[in-house]
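What you are looking at is a predicted structure, and each value in this text was computed from that prediction instead of being measured.
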Amino acid sequence: MTNPVPVPLADPRKPAILIVDDAPDNLGTLRSMMLRQGYQTFVATSGDRALDIAQRVKPDLILLDVVMPGIDGLETCRRLKAHPATTRIPVIFMSARGETEDIVAGFDTGAADYIPKPLRLEEVCARVRAQLRLRSGSDTQSEQTDRLRMIVNSMDQGLLIVESCGRVQYANPACDRYLGYAPEELVGQSLKDLLDCKEPGCCAGLDAMTYGTREVEIRHRDGNLRAMDLTMTPMHAADGLFVVLLHDITHHKQSEDALQRAAMLDPLTKIANRRHFDAFLDKEWHRAIRTAQPLSLVVLDVDHFKLYNDTLGHAAGDVCLQKVAQTLQDHAARPTDLAARYGGEEFVLLFAETPAENAARLAEMIRAAVAALEIPNPGSTTSTWLTVSVGVATIVPTQLDAIDNLFVCADRAMYAAKAGGRNRVESTIVGAAWDVVHDAAVLTAP
């Protein structure tokens, strides 16, 4: 078996031309002409040899005779176009067959041009130059496309190309990872089905959505919602298409939510702090005005707590406050109830849509529950156990009332309970403009 004739490598600085013709005269003439034009020139006298050289050299252009023994030009062209290494190389057919069906057959196999024989050399040179210019432009565009594809595929951000109706045309790998899909699995799905639509027009189509960046929730393949920053811009070069960028902010939102929760909790007792309570009271106050429902506030103070700290130490005092706070939390069962540490040993509870008699009953249950903890308080002159004094104020607020006065009235009721001997509940009902209508019965521990 003989080794194939070595083929020199192409010089990347010069265009390379492969000439394929079984007629030595045509081959010599074309080779001389291509060399004079400054092109690198390779020659082959058969289709098999042409395929071998094309795959190794990858010329910029192939001049291919149609009529050859063995594999003819048409079949050679088909094989060139079928191979990944040579599919993009332009082929110019040369043939004495000038019938329409012959020319059509040549273009059907993937030829870029067709030159009739006998060859006119100036025409050949002009057609070669034209194809090389097209090849150069095509290569540049292909390189740019490949570079863009590499950038898009390596992005950390999710990228979707979607139609105005919301149908996904393309999703990059980051988007697949974000949403838990396999490659190509998102294609054909609707963006509106992925979005947890809460804003008007969100699911009516992309053309109804606001351009720019906003925070959305997108449904993961597992059914859970993930927080994302979504940026949408129209593709001006492709009418009706939009680029949608997704940035996963789930961990950021979780951290943010955790910080917000921490900012609303008292660090010692782990129930709501004063800041959270004030905001909650403001919300329920305005809701009570709209619904004309009663709002009850409970203010509670631990009796003789300074003596407790002085006798048992601050560490024991902290544990004591934590137990009292948990007891209060257990009695704030509804979403419209809130227990909070207001400062020091003072606690508050808010009960929305709760009339005075119910609020007084709840306050007495809380007082009794704290006493039932049986936390020893050796410094107390009221009881062997830790006790609390409780004040309750109830109002059906109107626009004439001031929210700050609700706490004032409940606080006064709590001090009245202390003045009455501690370990007791005192309640008051407040009318419009904060005139006290009457005092409810004072509930005293037996």
Side-chain angles (χ1 to χ4, degrees), residues 266 269 271-274 277-278 280-281 284 294-309 317 320-334 336-375 377 379-395 404-430 434 436-446:
D266 174 63
T269 62
I271 66 172
N273 59 15
R274 179 171 179 171
F277 179 82
D278 288 343
F280 189 83
L281 172 61
E284 290 300 323
L295 191 64
S296 292
L297 175 65
V298 175
V299 176
L300 176 151
D301 190 80
V302 178
D303 294 328
H304 305 295
F305 188 69
K306 184 178 185 302
L307 291 174
Y308 187 96
N309 270 341
C320 169
L321 292 178
Q322 289 168 348
K323 291 180 178 179
V324 171
Q326 185 57 56
T327 301
L328 304 186
Q329 186 71 30
D330 292 342
H331 286 80
R334 303 175 304 172
T336 52
D337 301 340
L338 184 69
R341 184 187 182 194
Y342 208 70
E345 66 272 21
E346 189 172 47
F347 296 86
V348 290
L349 296 97
L350 187 68
F351 298 106
E353 300 178 4
T354 303
E357 58 272 21
N358 291 357
R361 192 177 303 112
L362 283 167
E364 171 56 21
M365 290 171 61
I366 292 167
R367 183 207 62 77
V370 172
L373 293 174
E374 295 188 348
I375 301 173
N377 188 1
S380 173
T381 58
T382 302
S383 170
T384 305
W385 312 114
L386 188 84
T387 61
V388 292
S389 297
V390 187
V392 184
T394 301
I395 187 176
D404 292 343
N405 289 337
L406 179 60
F407 186 86
V408 171
C409 289
D411 200 47
R412 286 175 179 171
M414 184 270 292
Y415 276 106
K418 281 188 176 292
R422 293 185 173 86
N423 191 25
R424 56 195 287 129
V425 175
E426 186 158 347
S427 303
T428 184
I429 300 175
V430 184
W434 294 99
V436 175
V437 177
H438 68 277
D439 289 334
V442 176
L443 298 174
T444 308

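For the pair T269 and A325, the tightest heavy-atom approach, listed with the atom from each and the gap, is CB-CB, 3.5 Å. Residues A359 and T354 approach most closely at N-CG2, 3.7 Å, considering heavy atoms. When all heavy atoms are compared, the tightest approach of T394 to A356 is OG1-CA, 3.5 Å. Minimum interatomic distance between A352 and R334 (heavy atoms only, all atoms of both residues): O-NH2, 2.6 Å. Across all non-hydrogen atoms, the minimal contact from T382 to T387 is CG2-OG1, 4.2 Å. The heavy-atom pair separating C320 from F305 by the smallest distance is SG-CE1, 4.1 Å.
To the nearest 0.5 Å, atoms CG (L406) and CG (L297) are separated by 4.5 Å. Note that the CD1 atom of I375 and the OG1 atom of T327 stand 7.0 Å from one another [nearest 0.5 Å].
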Let me have the donor-acceptor pairs involving side chains of residues 407-417, under 3.5 Å, with sequence neighbours excluded, atom names and distances please.
none

Only pairs under 3.5 Å count here: list side-chain donor-acceptor contacts from residues 340-351, not counting sequence neighbours, and write none if there are none.
{"residue": "R341", "atom": "NE", "partner": "G344", "partner atom": "O", "Å": "2.9"}
{"residue": "R341", "atom": "NH1", "partner": "D266", "partner atom": "OD1", "Å": "3.4"}
{"residue": "R341", "atom": "NH1", "partner": "D266", "partner atom": "OD2", "Å": "3.4"}
{"residue": "R341", "atom": "NH2", "partner": "G344", "partner atom": "O", "Å": "3.0"}
{"residue": "Y342", "atom": "OH", "partner": "R274", "partner atom": "NE", "Å": "3.4"}

Requested in this report: Evaluate the side chain to side chain contact (heavy atoms under 4.5 Å, CB included) criterion for residues V392 and L362: first the C-alpha distance (whole Å), next the side-chain angles of each, then the deciding distance (0.1 Å), finally the verdict.
Outcome: CA-CA 10 Å; V392 184; L362 283 167; over 6 Å; no
Requested in this report: Apply the test side chain to side chain contact (heavy atoms under 4.5 Å, CB included) to residues L386 and L373: give CA-CA distance (whole Å), side-chain angles for both, the deciding distance (0.1 Å), then the verdict.
Outcome: CA-CA 8 Å; L386 188 84; L373 293 174; 5.9 Å; no
Requested in this report: Check the pair N377, H304 against side chain to side chain contact (heavy atoms under 4.5 Å, CB included), reporting the backbone distance first and the verdict last.
Outcome: CA-CA 8 Å; N377 188 1; H304 305 295; 4.1 Å; yes
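Remark: K418 NZ is packed, more than 12 non-hydrogen atoms of other residues, nucleotides or ligands lying under 6.0 Å away.
For the 3.5 Å distance criterion, the side chains of D301 and S389 fail to qualify, holding no donor opposite an acceptor.
The existence of a salt bridge linking R361 and E364 is excluded, since no basic side-chain nitrogen approaches an acidic carboxylate oxygen closer than 4.0 Å.
Taking the salt bridge (Lys or Arg N to Asp or Glu O under 4.0 Å) definition, one finds that E357 meets it with nothing, sequence neighbours left out.
Side-chain atoms of D303 come within 3.5 Å of backbone atoms of N423 as a donor-acceptor pair (strictly under, hydrogens ignored).
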